[in-house]
Each structure stands twice: as structure tokens, then as C-alpha cells.
Amino acid sequence: MCRILTALMRRQLLPALALVFALLLPQSLLAWNATGHQVVAGIAWDNMTPAARRNVIGLLQAAPEDACLRDLFPTDARPLELRQREFFMRAATWADLVRSNGDDDKRACTRFHRRDWHFINYFWEGISGATGEDAPRNRRDVKTPEVDAVERLGWLRQNVTCSTAVCATSAEERATMLAWILHLAGDIHQPLHASARVTTAPGEEQGDQGGNLFKLGTEQRSPSLHSYWDRIVDASVPRREHETNNYGAYLARVMAMIEQEHPRAAAAPRLHAGDFAEWSLESFETTTLLVYPATLQRNVLPDDAYRERAFAASRTALAMAGYRLADLLNQMFA
């Protein structure tokens, strides 16, 4: 399968390999879709030092041959620095790409999938933004899993730059660890990856799985609230005609819009360098403030006013994720 992917990239039949894989996966399983994760990585790349860029690319290219990670490196004739940037952005989607597509998926790289690494559950109940009896409140009685995105980010950060014998990690192992960091830094900025809302609805006594159980339609394939937020960028910023077959141009426009609205200088006081718990708590706060308002109904698509609020919150989150990832990698790989 990996050889097939490489051949497809060489022939440039598809504008973005990562996007193709993401579209093959059940949307309820993803955090930000391929667009969201590549926007985060692109903003990060633009704010990384030359040394950090060089060292990060070098390590990612040390990934195991069967990890399907090195296959994401573009092989066209563009300048190397452009292809390295695109590789970095694609690598941020890798942790979603290695999810199995079913029993017929024989790719060796599915062994790198780790379902429980993608999220952290802050259990709560109530209505977003409400006061009084309906005000959001924590449910500390619900058991919290031991493994989560915040815990994993701390572990990955500790090990990914350690090449000494005491760490017992090879360059191949550290390459996939780095790819996980690129991905999870984006994941925990998606509000529904830091939320498990407890309700009286069937099956939600232990939370609604980050909105995956909150359906926005009555059909079997109707989107969930989770997938609605995953795809908020694509839903809010339609592609222009020249971007239909030029995914890179589309990503560049989205990133420029977000960085102009949220410049790094203004974001600097809120970076909370390497404080993964603080990053995830910001996402949880967004959930309790606006994700589940009283106007949101099950089996009904949200109105334009809701989408606009969701997109505004997502633009802030994507900007902060990108700047924070850059800050983290600059410290780790300077």
C-alpha cells in the first residue's frame, strides 16, 4: 500500500494525500480534519527557527519504512524547502491516516494507531453559557482514563529528543513520536477533544464521547456535533475556482486569514509554553461557553449564527495551536 501511495504522489494525481485518507475515514473518529491539522502545522512552520525546521524534518525522515510517514514527502520538482514545508504539514495528519479503514486495510502502518491518545475527557453536565440550574458543572464522579492526549504529550516531549541509551529509543521510534506531537498539539485545541458531556440520553451516562453521540440529523450517515466542528473550516471557507485542484493554495489562504486576525505578537502572552493541561482546559472552557447552547437541538443542523460562533472560536484555537506548536518545537529542536 505504501508503494502505491508513493507512486500516486509522484504522478501528482491528487493535490493532497492526507486529505484523501482523511476522507476515507469515519468523520466521527477524527479531530480537526486534514485542513485543520495542516493549518496548525503550517502556522507552526512559519514561526519555527531554521534550526528547528531542519532538525524536525531530519527526524521525521528517519521514520520506519512501513510507517507510511516518509511516503508523505512530496517528490515533485519544486524547491526542497517548499516540499519540506508540505511534508511537515502532511505529517501532522499522520496519526489519523494510520487508523484502519476496516478488515480489508492491510497497511502495516495501522499498527501505529492509538485510539485513546487523541483526546482528554473533562466530564461535565449542563448547558453551555447557561446560569442557574443549567449552568455547566464538573462531573468528577465519572472515572477519568489514565491515558489521554495531555498525558501522552508530556511523555512524548520527554522522549522524542532523547537519543541516549537511558531512553532506549531509536531514531525510528522518535520520528513517529514527533509525528504524534504534531498531531496531538492540534487535537487538544479542538473543543470536543477535551469534553465528555454527561446527559440523561441513552448511552451518555459516561459522557457523549466528545459530541460523537450528539447527532445533527436523523439519517444513519448524519453528521455528529463532533464531526461538525472537525470540518468547520471547510464548511465556512468555500474553495475558490482556482483552489479546486490546488489544495495548497486553499490552505495558504486560510492560514493567512487566521494569522492576520490573530497575529503571533498578540498571542504571545497566552502561549503557556509546554503547558499541555492549560491548553486543553482552554478547549474545555470553550465547550462550556458555546458548544452546547440551549438553542442547539439533536437531529437538527445548527443555524448560521451557531456556525459563525463555532468558526470564530476555531480560528482562535487554530492560531494558538500553531503558535504553541512552533514555540514547543523551537525549544525542543533549536
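Position 1 is the first residue of the sequence; numbering continues from there. A quick note: this is a predicted structure, and the numbers were derived from the prediction, not measured.
The neighbour count for E81 CD, taken as heavy atoms of other residues, nucleotides or ligands under 6.0 Å away, is above 12.
Rounding to the nearest 0.5 Å gives a distance of 12.5 Å between CG of L97 and OG1 of T110. Taking OG1 from T200 and CD from E125, the interatomic distance works out to 9.5 Å, rounded to the nearest 0.5 Å. Within the model, atoms OG of S280 and CG of D187 stand 12.0 Å from one another, a figure rounded to the nearest 0.5 Å. To the nearest 0.5 Å, atom CH2 of residue W279 and atom NE2 of residue H272 are 10.5 Å apart. To the nearest 0.5 Å, atoms CD (Q206) and CG (N121) are separated by 10.0 Å.
With hydrophobic clusters built from ILVMFWY side chains whose heavy atoms lie under 4.5 angstrom apart, I188 does not share a cluster with F119. In this structure, W180 is a member of the same hydrophobic cluster as V147, with clusters built from ILVMFWY side-chain heavy atoms closer than 4.5 Å. A continuous path of hydrophobic side-chain contacts links L325 to L281 [ILVMFWY only; heavy atoms under 4.5 Å]. Under a hydrophobic clustering in which Ile, Leu, Val, Met, Phe, Trp and Tyr are joined whenever their side-chain heavy atoms come within less than 4.5 Å, directly or via other members, Y247 and V237 fall into the same cluster. A single hydrophobic cluster is seen to contain both M257 and V39, as judged by linkage of ILVMFWY side chains at heavy-atom distances under 4.5 Å, directly or through other members.
Judged by distance alone, with hydrogens and angles left aside, the side-chain atoms of S224 form a donor-acceptor pair with the main-chain N or O of S227 at under 3.5 Å. With hydrogens and angles disregarded, a donor-acceptor distance shorter than 3.5 Å links the side chain of Y323 to the backbone of H262. Of the possible polar contacts, none joining the H37 side chain to the T93 backbone as a donor-acceptor pair under 3.5 Å is found. Between the side chain of S236 and the backbone N or O of V233 there is no donor-acceptor pair closer than 3.5 Å. Between the T287 side chain and the P191 main chain, a donor and an acceptor come within less than 3.5 Å of each other. Distance alone, capped at 3.5 Å, is enough to place a donor-acceptor pair between the S222 side chain and the E219 backbone.
Annotation: side chain of F284 is in contact with side chain of N138 (closest heavy-atom distance under 4.5 Å). Between N33 and D96 the shortest side-chain heavy-atom distance does not fall below 4.5 Å. Annotation: side chain of D208 is not in contact with side chain of L225 (no heavy-atom distance under 4.5 Å). Residues I258 and M255 are not in side-chain contact: their nearest non-hydrogen atoms beyond the backbone lie 4.5 Å or more apart. Side-chain contact between D234 and Y250 is present, with at least one heavy-atom pair separated by less than 4.5 Å. In this structure the side chain of L178 reaches within 4.5 angstrom of the side chain of F333, judged on heavy atoms. By the 4.5 Å heavy-atom criterion applied to side chains, T288 and Y122 are not counted as neighbours. Under the 4.5 Å side-chain criterion, counting only non-hydrogen atoms from C-beta, L301 is in contact with P223.
Ion pairing between a basic and an acidic side chain is recognised when a charged N comes within 4.0 Å of a carboxylate O; R264 and E259 show no such pairing. Residues R324 and E282 are paired through a salt bridge, judged by an N-O separation under 4.0 Å between the basic side chain and the carboxylate.
Scanning both residues, A321 and A185, for their nearest heavy atoms gives CB-O, 3.9 Å. The minimum heavy-atom distance linking M320 with R270 is given by the pair CE-O, 3.5 Å. Between W229 and Q190, the shortest heavy-atom contact is CB-NE2, 3.8 Å. In terms of heavy atoms, T176 sits closest to A67 at CG2-CB, 4.4 Å. The two residues A171 and L59 come nearest to each other via the heavy atoms O-CD1, 3.7 Å. Considering every non-hydrogen atom in both L182 and A92, the closest pair reads CB-CA, 4.0 Å.
Scored by the ring pair (Phe, Tyr, Trp, His ring centres under 6.0 Å) test, Y306 finds Y228 as partners (sequence neighbours excluded). Taking the salt bridge (charged side-chain N to carboxylate O under 4.0 Å, His left out) definition, one finds that R309 meets it with nothing, sequence neighbours left out. In this structure R83 satisfies the salt bridge (charged side-chain N to carboxylate O under 4.0 Å, His left out) test with no other residue, sequence neighbours excluded. Residues meeting the salt bridge (charged side-chain N to carboxylate O under 4.0 Å, His left out) test with R315, sequence neighbours left out: E261. Looking at residues two or more places apart in sequence or on another chain, you find no salt bridge (charged side-chain N to carboxylate O under 4.0 Å, His left out) involving D104. R114 meets the side-chain hydrogen bond (donor to acceptor under 3.5 Å, both in side chains) test with no other residue; sequence neighbours excluded.
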For residues 150-161, which side-chain N or O atoms pair as donor and acceptor with protein atoms under 3.5 Å away, sequence neighbours left out?
residue	atom	partner	partner atom	Å
R157	NH2	Q331	OE1	3.3
N159	ND2	W155	O	2.9

Under 3.5 Å donor-acceptor pairs involving side-chain atoms of residues 40-51, not counting sequence neighbours:
residue	atom	partner	partner atom	Å
D46	OD1	R85	NE	3.2
D46	OD1	R85	NH2	3.1
D46	OD2	R85	NH2	3.2
N47	ND2	I43	O	2.8
T49	OG1	A52	N	3.1

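Note: W94 and H183 fail the aromatic proximity criterion, with ring centroids not under 6.0 Å apart.
A salt bridge (Lys or Arg N to Asp or Glu O under 4.0 Å) check over residues 286-301, counting only residues at least two apart or in different chains, returns the pairs E204-R298. Screening residues 221-334 for disulfide bond (SG atoms under 2.5 Å apart) gives no qualifying pairs among residues at least two apart or on separate chains. For residues 162-274, the pairs satisfying disulfide bond (SG atoms under 2.5 Å apart) are C162-C167, with sequence neighbours left out.
Taking the six-membered ring for Trp and thresholds of 30 and 60 degrees, H118 and H193 have ring planes more than 60 degrees apart, a perpendicular arrangement.
Counting side-chain heavy-atom gaps under 4.5 Å among Ile, Leu, Val, Met, Phe, Trp and Tyr, the cluster of F123 also holds V142, V198.
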- [ ] Apply side chain to side chain contact (heavy atoms under 4.5 Å, CB included) to R197 and I127, showing your working.
- [x] CA-CA 9 Å; R197 184 177 180 238; I127 297 175; 4.1 Å; yes

- [ ] List the steps, then state whether side chain to side chain contact (heavy atoms under 4.5 Å, CB included) holds for F73 with Q84.
- [x] CA-CA 7 Å; F73 197 101; Q84 288 177 333; 4.0 Å; yes

Open item on the list: What verdict does the side chain to side chain contact (heavy atoms under 4.5 Å, CB included) test give for L184 and F276, after you've listed the backbone C-alpha separation in whole Å, the side-chain angles of each residue and the deciding distance to 0.1 Å?
Closed with: CA-CA 10 Å; L184 295 184; F276 307 126; over 6 Å; no

Open item on the list: Please evaluate residues C68 and F112 with respect to the criterion side chain to side chain contact (heavy atoms under 4.5 Å, CB included), reporting the C-alpha separation (whole Å), side-chain torsions for both, the decisive distance (0.1 Å), and the verdict.
Closed with: CA-CA 10 Å; C68 297; F112 293 97; over 6 Å; no

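Here the rule is salt bridge (charged side-chain N to carboxylate O under 4.0 Å, His left out) with D66, and of K106, R107, R111 only R111 fits it.
Taking the ring centre of W124 as origin, the terminal cationic atom of R137 falls outside the region bounded by 6.0 Å and 45° from the ring axis.
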